[in-house]
Amino acid sequence: MKKLRNLILGVDLLMLCIAAGKIAEHKMLCMVSGMEGEVVNRPSMNVTDLSTQDLVKKKVALTFDDGPNAKYTEKLLEGLKERGVQATFFLLGERVERSPDIVKKMYTDGHLIGNHSYEHVNLSTLSDEAAVVQVNKTNEAIYKVTGEFPEYIRPPYGCWKSNLDYKTTMIEVLWNVDPLDWKTDNSDAVVQRVVSDVEENDIILLHDASESSVNAAFQIVDKLQKDGYIFVTVDEILFD
Ligand SMILES: [Zn+2]
């Protein structure tokens, strides 16, 4: 059922990619889509390496786009640490350069850091050369802070061009659950949308760009942990 839903949403994604290129407003318009990404085979963990508790837990990934946010990201990092949760952050290069200390903390806390372009542009509307500049400038900004080049990209608006798979080394990561948190300040509504829609191995899209989104993230973690979910970074969803 979920595959069918993702297929249908994939058509929406294409339409929105076209529309997003025409929209002047810079506000995030990231939309619902099926999860995509290259899948490679890696050795699987021996079952005896896992505790019984891990075996019964359902994996889910929290992802945050558009940061680092000078006002809200640190509060988010504190709350995730209290809850023992590691998330994935898709960062904008220009904001990494403005708030390197937040990115450093994010990295030392063990979160996975990915690329979200340099200045939140629709990469599918750019020339390949200009798109590659957006990707590489962001990777370099992150490398300067963490000493590690990101492997994953979430393109703004979910709009990627397949030929960029050959011109960059990035692995595209989309999402399965989008509560449209950037559209509302009602954190309860965001929580409700996520917990009613989420399934095992889903990737949840949020933005560390408002008080309500941060509060919603904490409530989502508290609720789903009680329901037997374990929060992992996206690489563990895509490759394990
Ligand atoms: Zn975005």
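Atoms within a ligand are numbered from 1 in the order they appear, just like the ligands themselves. Predicted, not measured: the structure shown is a model, and the values here were computed from it. Atom set for the values below is all heavy atoms of this structure, side chains included, hydrogens, waters and symmetry mates excluded.
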Contacts of Ala189 meeting side-chain contact (heavy atoms from CB on, under 4.5 Å) (sequence neighbours excluded), chain-then-number -> Asn186, Arg193
side-chain contact (heavy atoms from CB on, under 4.5 Å) filter on Glu82, not counting sequence neighbours, yields none
task = Look at the aromatic rings of Tyr152 and Phe239 and report parallel, tilted or perpendicular, splitting at 30° and 60°.
result = tilted
Side-chain donor-acceptor pair under 3.5 Å between Asn115 and Asn139, yes or no?
yes
The Zn ion (ligand 1) has as its nearest N, O or S atom from His120 the atom NE2
In this structure, the Zn ion (ligand 1) sits at the vertex of an angle between NE2 of His116 and OD1 of Asp66 that rounds to 10° as 80°
> Does the shortest distance from the Zn ion (ligand 1) to an N/O/S atom of Asp65 fall below 2.8 Å?
Replying inline: no
